[in-house]
Amino acid sequence: MYTCSQCQAVSNSMRVCSRCKLNYYCCREHQVKHWPSHKVECEPKNKNQRLQNSITPVEGATHGGEENITDKIQNNPLDGATNSTENLSYDPRALKLISPPKRRQCDNDVALAASIDYGLRSKGYFVIDHFLEFNKINEVLKDIKDLEAVKSFNKGKLNGGVTGETKELKIVNETIRSDYIYWYEPMKEQCNGINQLINHMDGIINALNLRWVDSDSEITSRTKAMVAMYPSNTAGYINHVDNPNEDGRRLTMIVYLNANWNSETCGGNLRIFPSSEPNSYVDVEPELNRLLMFWSDRRNPHEVHPTRGDRDRYALTVWYFDKTERLMAKEKANKLNATETNQRGSAGQSEIEFTQESERLVGETTRIRNEISKRTDEAIAGLSKEEIDTFRDILEEVENPREVLSQLGIAKTIQDALLLKLSQIK
């Protein structure tokens, strides 16, 4: 019998801290809550255990000899379901497949971005079918077959650690991750179908940028596209977080490439454990022409269940970088190892700016920002003395005035201007 270190519940089935092997937890949420106090005393018993426990699944890592920025930012044993290779398992609960809506022909990038924005804000993920037109997705499938014929797909790797002698180590462990991957760069390769697909993905991001124009978030770059194949009858990818260490990846965007897929017989579903729905999960079937997007950080732990039968499982994934977080991650990496970083010219993952679309929208983005600023000034200037006094009375004793203003439905830009106005009156 084991006792949960957080709630003191007793059970024969507990998850163990993968680093020290001393503390037990009844669920991941309790492990996360207990980590601030546990981390003071959590230490591997020896060097071999330190190496084993530093294995952290990292998406979009290590290609062409480059080093993922996550290698330089210290991980902790909460990343993923476990970092130990002992007692690996997938969530055994029954399938809970979702039925996504289908993209309508009239839905342009701007219209689709509105639906995506709502899904991300409310649930943390978004799924839609029929992302591309029929002839375009078939062209993508042809390109994938051509790539397999002429390119080498390499086994997906895990980071081996960041301490001393282990920080350069990349580990292949098929009990944790069993996919074969190829990194595709649109600017250098001439697969027309894949290039069009990535252009569509970039277009969605640019449309989201326009919706987020009054926020602090802006996406201007991405990784190369990762084409992944999970062979039939293999393990999948255990529970993990794409961006556990704030390396800049904000959105994970996946397009599935498997016609007539059935998770009941073929397995291979992606199971998300969204923080928006505690103690719950959703299964996304990797069906052809299905788009899945979710926040890349700790809000969406997920796992790829093993494939079954005689079919391989294909997907194309791109990670999009938040501009501010990416710059901060690079600065952190530079401080940890300035010499190595300078030799590479840039820290971390290969980063590609989709400049053509971004430059085309710079004027429109600037115009919208200016219009928002103008309307904000007009709104604040139009408040009467009584209205100003009312706001001041409401917010005077409030610990977090922005939270109150958000509950009143006041936009962030107006919040800033209103709080500035109130501070000047005081």
Side-chain angles (χ1 to χ4, degrees), residues 13 15 28 55 57-60 80-100 125 127-131 137-138 140-145 147-149 151-158 171-182 225-242 252-274 280-294 300-317:
S13 178
R15 58 191 301 125
R28 185 178 187 278
I55 298 174
V58 175
E59 295 292 308
T82 175
N83 293 328
S84 170
T85 56
E86 301 174 3
N87 303 319
L88 294 179
S89 63
Y90 296 89
D91 184 12
R93 289 176 287 182
L95 279 172
K96 189 189 290 185
L97 296 174
I98 59 177
S99 299
Y125 62 90
V127 189
I128 194 167
D129 284 343
H130 295 187
F131 178 56
I137 196 65
N138 279 338
V140 174
L141 294 180
K142 179 181 180 301
D143 286 345
I144 297 296
K145 291 181 180 178
L147 283 178
E148 280 194 296
K151 302 289 185 180
S152 296
F153 279 58
N154 300 311
K155 289 185 178 181
K157 294 181 180 181
L158 310 168
I171 295 174
V172 173
N173 188 325
E174 294 187 13
T175 61
I176 294 178
R177 176 180 184 178
S178 64
D179 57 341
Y180 287 73
I181 62 176
Y182 176 75
M226 185 185 78
V227 181
M229 184 272 288
Y230 287 86
S232 58
N233 288 309
T234 65
Y237 197 159
I238 66 166
N239 191 318
H240 64 284
V241 173
D242 287 358
T252 301
M253 199 167 183
I254 306 173
V255 175
Y256 291 111
L257 304 169
N258 311 284
N260 302 314
W261 190 269
N262 185 336
S263 290
E264 295 281 359
T265 56
C266 300
N269 57 290
L270 186 143
R271 178 163 290 183
I272 305 177
F273 306 90
S280 186
Y281 63 94
V282 293
D283 287 311
V284 181
E285 211 166 21
E287 177 63 32
L288 176 66
N289 209 8
R290 174 168 289 170
L291 170 70
L292 166 64
M293 294 180 67
F294 54 87
N300 287 301
H302 56 283
E303 61 190 32
V304 179
H305 283 195
T307 55
R308 298 191 297 270
D310 58 357
R311 294 194 59 183
D312 301 333
R313 175 192 185 277
Y314 293 86
L316 183 145
T317 304

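Both backbone and side-chain heavy atoms feed into the values below; hydrogens, waters and symmetry mates do not. No experiment lies behind these values; they were computed from the predicted model shown.
No donor-acceptor pair under 3.5 Å is formed between the side chain of Thr307 and the backbone N or O of Gly268. A donor-acceptor pair under 3.5 Å is absent between the side-chain atoms of Arg177 and the main chain of Gly156, judged by distance alone. For the pair Arg313 (side chain) and Arg308 (backbone), a donor-acceptor distance under 3.5 Å is absent. Checking side-chain atoms of Asn239 against main-chain N and O of Glu303 turns up no donor-acceptor pair under 3.5 Å. Looking at Glu287, its side chain does come within 3.5 Å of a backbone N or O of Trp261 through a donor-acceptor pair.
Two residues are said to be in side-chain contact when any heavy atoms from C-beta on lie closer than 4.5 Å; Phe294 and Asp242 meet this criterion. Counting heavy atoms from C-beta outward, Leu270 and Ile254 have side chains that approach closer than 4.5 Å. Two residues are said to be in side-chain contact when any heavy atoms from C-beta on lie closer than 4.5 Å; Thr317 and Thr252 meet this criterion. Counting heavy atoms from C-beta outward, Leu291 and Val255 have side chains that approach closer than 4.5 Å.
In this structure, OH in Tyr281 is found 13.5 Å from CD1 in Ile272, a value given to the nearest 0.5 Å. Going from atom CD1 of Ile144 over to atom CZ of Phe153 covers 6.0 Å, rounded to the nearest 0.5 Å. If you take SG on Cys266 and CG on Asn233, they are separated by 10.0 Å, rounding to the nearest 0.5 Å. Expressed to the nearest 0.5 Å, how far CD1 of Ile128 lies from CG of Asn289 amounts to 10.0 Å. To the nearest 0.5 angstrom, Phe131 atom CZ is 12.0 Å from Leu292 atom CG. Between atom CZ of residue Arg311 and atom CG of residue Asn262 there is a gap of 9.5 Å, rounded to the nearest 0.5 Å.
With 3.5 Å as the limit, one finds no donor-acceptor pair spanning the side chains of His305 and Asp91.
Only one option out of Leu97, Val127, Ile98 pairs with Glu285 in a side chain to side chain contact (heavy atoms under 4.5 Å, CB included); it is Leu97. With respect to Met229, the side chain to side chain contact (heavy atoms under 4.5 Å, CB included) criterion is satisfied by exactly one of Asp179, Leu257, Asp312: Asp312.
Closest of all the heavy-atom pairs between Pro274 and Tyr125 is CG-CE2, 4.0 Å. Taking each heavy atom of Tyr90 and Val304 in turn, the nearest pair found is CE2-O, 3.3 Å.
A salt bridge links Asp283 and Arg271; the closest N-O separation between the charged side-chain nitrogens and carboxylate oxygens is under 4.0 Å.
For Lys96, the NZ atom is densely surrounded, since the number of other residues' heavy atoms within 6.0 Å is greater than 12.
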Audit row: Tyr314, Leu141, side chain to side chain contact (heavy atoms under 4.5 Å, CB included) steps and yes/no: CA-CA 10 Å; Tyr314 293 86; Leu141 294 180; over 6 Å; no
